[in-house]
Amino acid sequence: MKNLVEPEKHGLARTILRAAEHLPALKRMLKGMVGIKYFMPPVMHLKGIKHFLILPEKQSPEMRYPVVEERHDYRKIVIITGATSGIGKAFAHHFARQGYDLLITGRRRSIINSVAHEIRREYGVQVKVVIADLAVKEDLSSFLQIIDRQRNIEVLVNNAGYGMNRGFSEDEIGHQLAMMNVHVNAPLILIHKVLPQMIKKRNGTIINVSSMAAYFPASGSVMYTSTKSFLKSFSESLFLDVGRYGIRVQCLCPGFTNSDFHRDLNIQINRINNGLLPFMEPSDVVQYSVKCLEKGRVVCVPGFINRLLIILLSVIPRSLYYRFSLRLEKKVRRVKENTTMPVLQ
Ligand SMILES: NC(=O)c1ccc[n+]([C@@H]2O[C@H](COP(=O)([O-])OP(=O)(O)OC[C@H]3O[C@@H](n4cnc5c(N)ncnc54)[C@H](OP(=O)(O)O)[C@@H]3O)[C@@H](O)[C@H]2O)c1
């Protein structure tokens with residue numbers, strides 16, 4: 001439905017609408033006054049009656065999520081979890097450069113605030129920061145309430161994640177489940193929250209940052225590899241489910257990347273792989289992710305050597321893979337024991 005008044009051509013109308021953004025009643029009245037949308041009530045009412053007559057469970061997805069053709073001047077928003085550093089921060093810079101407003105999360109308050117400040121100054125976009133530990137239910141609920149108020153979510157990047165030093169059998173179950181919350185539950189809940197909006201608009205992008213570890217079960221990171229593997233399988237199925245609405249879904253599976261990830265783990269990976277697997281820069285990972293989006297690739301593995309390794313290790317017999325994995329794990333343990341790097345807070 002085309003607006004009778006195009007907001008961007010009427011500076012005063014746009015200013016009034018912006019000011020009224022948080023006052024729904026006043027806004028509705030103002031919109032009516034300037035002739036947007038409410039000049040067409042009969043058509044809208046007909047659509048509404050159709051919805052009342054058919055039970056919700058019998059409605060097709062197209063009926064439940066009718067296409068929204070209305071124009072409005074809300075700016076497009078990208079949500080990125082874990083934008084304090086590394087890949088999330090690189091995504092934040094990428095989308096801000098494209099002119100999107102951002103809603104970013106992290107736990108290290110001062111660092112993420114300075115990331116937001118830097119982005120606002122550099123690209124002139126709006127950046128909202130939410131301090132949230134995604135393993136904590138209350139933090140996730142508050143974040144969801146903030147998302148509820150966003151009208152024009154275009155992209156969701158589920159990036160927040162971390163590695164773990166403790167083995168599954170030796171660790172408390174609570175620690176292990178916390179990883180499940182951050183890598184699995186939070187992305188699922190966030191996707192479920194933004195999907196109706198994206199389906200209505202027949203437009204949207206969801207990027208789930210998994211890992212190459214999704215392909216490689218390992219004794220030292222049982223939950224890490226399993227949760228990342230879930231994310232990969234989930235993303236592919238989700239693509240099959242919502243791709244028909246024009247929603248792009250990507251599972252990004254980076255290999256070793258220069259970020260705070262390994263510093264937090266207190267290990268030096270280059271001493272484990274002897275420099276065989278190169279570290280990528282977060283900006284290169286993001287650039288490759290964008291390339292995959294353009295090509296419509298659902299599973300995206302940045303780095304030629306990483307892709308080669310996945311192919312090689314997937315064709316060898318499983319028993320050989322298990323032996324290789326256990327030997328690597330022994331080496332990791334030795335390096336960890338001999339490493340005295342400070343753990344970041
Ligand atoms: N670096 C690698 O080699 C590598 C390889 C494959 C996959 N990945 C994946 O890439 C993603 C980004 O990692 P990165 O390499 O960019 O590491 P990073 O620099 O450590 O960034 C991780 C981000 O996730 C956030 N985060 C961690 N735990 C969180 C929690 N419980 N609640 C909320 N936010 C949390 C961190 O926020 P705060 O720091 O503010 O807490 C930070 O912003 C992760 O999902 C990781 O598994 C990384």
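All ligand and atom numbering here is 1-based and tracks the order in the structure.
- Residue contacts with ligand 1 include Asp133, since one of its heavy atoms falls under 4.0 Å from the ligand.
- Counting only non-hydrogen atoms, the option in Asn158, Thr84, Asn208 that gets closest to atom 36 (C) of ligand 1 is Thr84.
- At under 3.5 Å, not a single nitrogen or oxygen of Gly88, backbone or side chain, sits near a nitrogen or oxygen of ligand 1.
- Under a 4.0 Å heavy-atom criterion, Phe279 is not in contact with ligand 1.
- Between the side chain of His175 and the backbone N or O of Phe168, no donor-acceptor pair lies under 3.5 Å.
- For Asp260, heavy-atom contacts with ligand 1 shorter than 4.0 Å involve the backbone as well as the side chain.
- The aromatic ring centres of His262 and Phe256 sit less than 6.0 Å apart.
- For ligand 1, none of its N or O atoms has an N or O atom of His183 under 3.5 Å away.
- The pair Arg107-Asp139 fails the salt-bridge criterion, with no side-chain N (NZ, NE, NH1 or NH2) lying under 4.0 Å from an Asp/Glu carboxylate O.
- If you take NZ on Lys228 and CG on Asn208, they are separated by 9.0 Å, rounding to the nearest 0.5 Å.
- Per-residue contacts place Phe256 under 4.0 angstrom from the following atoms of ligand 1 (heavy atoms of the residue considered): 3 (O).
- Residue-level proximity to ligand 1 for Ile111 is absent, since no heavy atom of it falls below 4.0 angstrom.
- Residue contacts with ligand 1, taken as heavy atom pairs separated by less than 4.0 Å, involve Ala83 solely via the backbone atoms N, CA, C and O.
- Distances between N or O atoms of Arg107 and those of ligand 1 include at least one value under 3.5 Å.
- Summarising the geometry of Pro217 relative to Tyr321, their closest heavy-atom pair is O-OH, 2.6 Å, with the distance given to 0.1 Å.
- Ligand-side atoms of ligand 1 in range of Tyr162: 28 (N), range being under 4.0 angstrom from any heavy atom.
- Set against the non-hydrogen atoms of Gly86, the atoms of ligand 1 under 4.0 Å away are 16 (O), 19 (O).
- The residue from Ile199, Asp241, Thr205 that alone fulfils the side chain to side chain contact (heavy atoms under 4.5 Å, CB included) condition with Ile247 is Ile199.
- Under the 4.5 Å side-chain criterion, counting only non-hydrogen atoms from C-beta, Leu252 is in contact with Pro302.
- For Lys89, no heavy-atom contact with ligand 1 is shorter than 4.0 Å.
- Considering backbone and side-chain atoms alike, Leu134 places an N or O below 3.5 Å from some N or O of ligand 1.
- Ion pairing between a basic and an acidic side chain is recognised when a charged N comes within 4.0 Å of a carboxylate O; Lys128 and Asp101 show no such pairing.
- At a 3.5 angstrom cut-off on N or O pairs, Ile87 counts as close to ligand 1.
- Atoms of ligand 1 found under 4.0 Å from any heavy atom of Arg108 (numbered from 1 in listed order, with element): 38 (P), 39 (O), 40 (O).
- Under 4.0 angstrom from ligand 1, the non-hydrogen atoms of Ser210 all belong to its backbone.
- Considering Ser211, Gly255, Gly161 only, the shortest heavy-atom separation from atom 4 (C) of ligand 1 involves Gly255.
- Considering only heavy atoms from C-beta on, Tyr215 stays 4.5 Å or farther from Leu309 through its side chain.
- Per-residue contacts place His262 under 4.0 angstrom from the following atoms of ligand 1 (heavy atoms of the residue considered): 1 (N), 2 (C), 3 (O).
- The ligand atoms of ligand 1 that sit less than 4.0 angstrom from a heavy atom of Ala132 are 32 (N), 33 (C).
- Close contacts between ligand 1 and Gly106 involve ligand atoms 40 (O) [criterion: under 4.0 Å to a heavy atom].
- Using a 4.5 Å cut-off on side-chain heavy atoms (C-beta onward), Ser289 and Gln250 make contact.
- Heavy-atom minimum distance, Val115 versus Thr84: CG2-O, 3.5 Å.
- The closest side-chain heavy-atom distance from Tyr123 to Leu102 is not below 4.5 Å.
- Close approach of ligand 1 to Val209 (heavy-atom distance below 4.0 Å) involves ligand atoms 9 (C), 10 (O), 11 (C), 45 (O).
- Of the candidates Lys76, Lys201, Gln197, Asn152 forms a side chain to side chain donor-acceptor pair (under 3.5 Å) with just one, namely Lys201.
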